[in-house]
Amino acid sequence: MPLNEAVAERLNEMCRLLELLGENQFKAIAHSRAARVIESLPGPVEQLDKPALLALDGIGDKIADKIIEFCASAAGGTPRIAEHEKMLKQVPAGLLPILDIPGLGPKTVRAMWQTLGITDIAALKKAIDDKSLLTLPRMGEKAVEKIKAGLSLGEEATRRIALGLALPMAERIAAELRAIDGVERVEIAGSLRRGRETVADIDLLVETAEGRGGKARTGKQASAKTDQPHPVIEKFCSLPDVRQVISKGPTRASVRAVINLHSGRWKGGGPDEHPVEPTMQVDVRVLPKKSFGAALLYFTGSKDQNIVLRQRALDRNLTLNEYGLFPDDKEPTPPQDRDVRPVAGSTEEGIYKALGLPFIPPEAREHAADIAHFETSGVPRLVELADIKADLHAHTTDSDGRMSMRELVAQAKSRGFHTIAVTDHSKSSAIANGLSPERLRAQIKAVRALNKQLQSEGADIRVLAGSEVDILADGTLDYDDDLLQELDIVVASPHAALSQEPALATRRLLRAIEHPLVHIIGHPTGRLINRRAGLAPAMDELIAAAKQNNTALEINAHWMRLDLRDLHVRAATGAGALLAIDCDDHDPSDFDNLRYGVATARRGMLTPELCVNTWSREKLLAWLKSKR
DNA sequence: GCCGTTTTCGGCCCGACTGTTTTCAGTCG
């Protein structure tokens, strides 16, 4: 595995140790910022030399040295950073899990440690029981109750939730909020709107009709002491799925609400993985129409791009906050509290325009450095759900699918597709009832017959005879070439040996990419989000070979896979390689996962030209034929 | 610790909410 994740984790831990030691908070922030930068690198961090590291925004001389130290020692088996180890000698390791408890920050945990000698969770529980915790400054009964609630949540409090679980949940709550009297508009914001593969919480923004039921007030005007929560906030906090109200003020509330797990192939965590009822945090903010665009921009983030936008505003003698874009008159009272007329604020488009920028789609709002690029080159026309006209990876009851060929066609037609590929498993995938060569030959005949029938019915859809053929551990394919040659489309995917060495995985996948009869590499790494890391091949080599051989790399749209992931899609589009967005359908509902694949594609800057699923049938068939 | 077409020093986002306080520190996003 590339060391990116390990480096980021270590830097984040250093940030927390610095906080606990009471060091300069900006020094701590610098470490977590560097961690984010490393996390979003497309390639392996260990391949970067010092000049390359220094070229990254947010990484300077000191942190670059620490990263190099970490990578160099990792080669010897035990990655270490001397300064990290020095800090670990000063700070008891047991304090770090305490810092994860919601509501507890570095100041409080440090006070626990320094004055009460609390160094781990067990000692904290003891201090709660014998009431000694109450002797800390600013520590009362309610604060202790909060800590107890946080303790019982355990790891649930910090777990990131898969996009495919969080988005339906957010949409359900948004629908309930829209039904409330006086609500004009509800939008999902945060990393969920940016389409990230996992999210920590759900952010919802509510626009209410002015002058109805407690006008939303801001800044100094509002105070939790004197103002009652907005009726929408009250309603939200009493929704049936809400298990705990974390905070509730005039215009904002945070709760923990129940996650509805799926009942499909992947349940997204069974009861065994959830000692407590699975919940996640949901934040709601109520806003007036005139601020809605500014708030949507602000709460969609990313934080990194927000900082650039605010700086850009200042450069133009403007000031940007969640209430609008205002003239910057240097007054100490915020402009929204002085009825200053905003330059923009009701729409995101208006704010981008006033800042001299094109509209940036939410999925493209991850990296700070991209803004300068969008300013000079514009934002590419990213692929959209409506562009997708074909699904090239689907299973039937012949292997492990739940649909007949006819059902598959019906689903594809209802989605407006002109083409659907039947790609059942190959013989080595015995557990998935993979087809023997004889059964595959019979299926090819059945597909040809079905196409004739569909044509006679006047149906404007084409069924492709295909296979999802296993890429075996050594890179050979699970069927002979003469059989593959008979197929309209070949999707080659790794299913077993998913923990092999990176060098082996690279060679294995390269062989498949270079195979003259292969069109698409299905879920190239085989990872499962929050479950299985999958293969870690040299992605730049795969991408270069894919471009060279006119082979498409798949973005598997299932929310448990999203494989290729966003970073690698971005590297592939940058290199001009072809990509396919496919649902790997096993069940009719799997077609609905397409939007997660499209979101991942957009995060990777994929345009319709490079996405084979958007092509006309003629263009698609010509490409498939070019490999026969 | 990072960064800089005003700066190599002096900044680093800032507003909402809570709980414990007699006016605000800590946490969070």
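Throughout, protein chains are lettered first and strands after them, A, B, ... in sequence-line order, and every chain is numbered starting at 1.
Annotation: B/dC13 and B/dT8 have their C1' atoms spaced 24 Å apart (nearest Å). Taking atom P on both B/dA16 and B/dC9, the two are 37 Å apart, rounded to the nearest angstrom. Using C1' as the reference atom, B/dG26 and B/dT21 are 13 Å apart when rounded to the nearest Å. Distance noted for atom C1' between B/dT6 and B/dG11: 14 Å (whole Å). Of the P atoms belonging to B/dC12 and B/dC17, the separation is 24 Å, rounded to the nearest Å. B/dG1 and B/dT5 are spaced 23 Å apart, taking the P atom of each and rounding to whole Å. Only the C1' atoms considered, B/dG15 is 23 Å distant from B/dT22, to the nearest whole Å.
In summary, the side chains of A/Ser132 and A/Asp130 do present a donor paired with an acceptor at a separation below 3.5 Å, with no hydrogens or angles considered. Donor-acceptor pairing under 3.5 Å is recorded for the side chains of A/Ser254 and A/Asp283. A/Thr279 and A/Arg243 are not linked by any side-chain donor-acceptor pair at a separation below 3.5 angstrom, with hydrogens and angles left out of the test. Checked by atom type, the side-chain pair A/Lys66/A/His84 shows no donor-acceptor distance below 3.5 Å. The closest side-chain donor-acceptor pair between A/Arg160 and A/Thr198 falls under 3.5 angstrom.
Which of B/dA16, B/dG1, B/dG29 sits closest to the side chain of A/Arg285 comes down to B/dG29. For A/Asp283, the side-chain atoms get nearest to B/dG29 when compared with the rest of B/dG29, B/dG1, B/dG19. For A/Ser247, taking side-chain heavy atoms from C-beta onward, the closest of the listed nucleotides B/dG1, B/dG19, B/dT18 is B/dT18.
Partner assigned to B/dT8 is none, using Watson-Crick or G-U wobble distances below 3.5 angstrom.
Using a 4.0 Å heavy-atom criterion, one finds that A/Glu322 contacts the sugar-phosphate atoms exclusively. Within 4.0 Å (heavy atoms only), A/Ile59 reaches sugar-phosphate atoms of the nucleic acid but no base atom. A/Asn24 comes within 4.0 angstrom of a nucleotide base, judged by non-hydrogen atoms across all strands.
Contact check on A/Glu83 versus A/Lys89 returns no salt bridge, with no Lys/Arg side-chain nitrogen under 4.0 Å from an Asp/Glu carboxylate oxygen. Contact check on A/Arg159 versus A/Glu156 returns a salt bridge, with a Lys/Arg side-chain nitrogen under 4.0 Å from an Asp/Glu carboxylate oxygen. The existence of a salt bridge linking A/Glu176 and A/Arg178 is excluded, since no basic side-chain nitrogen approaches an acidic carboxylate oxygen closer than 4.0 Å. A salt bridge does not link A/Lys353 to A/Glu348: none of the charged nitrogens lies less than 4.0 Å from a carboxylate oxygen.
Annotation: A/Lys148, atom NZ; neighbour count of heavy atoms from other residues, nucleotides and ligands within 6.0 Å does not exceed 12.
The separation between A/Asp61 atom CG and B/dT8 atom C1' is 14 Å, rounded to whole Å. For the pair A/Arg36 CZ and B/dG1 P, the interatomic distance rounds to 18 Å; values are reported in whole Å. Atom CG in A/Leu325 sits about 15 Å away from atom P in B/dC14, given to the nearest Å. Nucleotide B/dC2 holds its P atom 7 Å from the NZ atom of A/Lys62, rounded to whole Å. The separation between A/Leu53 atom CG and B/dC2 atom P is 11 Å, rounded to whole Å. Rounded to whole Å, the distance from NZ on A/Lys27 to P on B/dG1 is 4 Å. Atoms CG (A/Leu18) and C1' (B/dC12) sit 16 Å apart, rounded to a whole Å. B/dG29 atom P lies 15 Å from atom CD1 of A/Ile29, rounded to whole Å.
Sequence order on DNA chain B of the closest nucleotides to A/Lys66 and A/Asp201 puts A/Lys66 first from the 5' end. Along DNA chain B, the nucleotide nearest A/Leu136 and the nucleotide nearest A/Ala64 are compared for position; the residue whose nucleotide lies closer to the 5' end is A/Ala64.
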Taking N or O atoms only and anything under 3.5 Å, show me the protein contacts with nucleotides 25-28 of chain B, one pair per line.
| unit_1 | atom_1 | unit_2 | atom_2 | d |
| --- | --- | --- | --- | --- |
| B/dG26 | O3' | A/Thr108 | OG1 | 3.2 |
| B/dT27 | OP1 | A/Gly105 | N | 2.7 |
| B/dT27 | OP1 | A/Gly105 | O | 2.9 |
| B/dT27 | OP1 | A/Thr108 | N | 3.0 |
| B/dT27 | OP1 | A/Thr108 | OG1 | 2.5 |
| B/dT27 | OP2 | A/Lys107 | N | 3.3 |
| B/dT27 | O5' | A/Gly105 | N | 3.4 |
| B/dC28 | OP1 | A/Gly103 | N | 2.7 |

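To the nearest 0.5 Å, atom OG1 of residue A/Thr119 and atom CH2 of residue A/Trp113 are 10.0 Å apart.
Contact annotation: A/Tyr323 side-chain N/O to B/dC13 OP1/OP2 distance is not under 4.0 Å.
For residues 293-313 of chain A, proximity to DNA chain B is found at A/Tyr298, A/Arg310, defined as any non-hydrogen atom under 4.0 angstrom from a strand atom.
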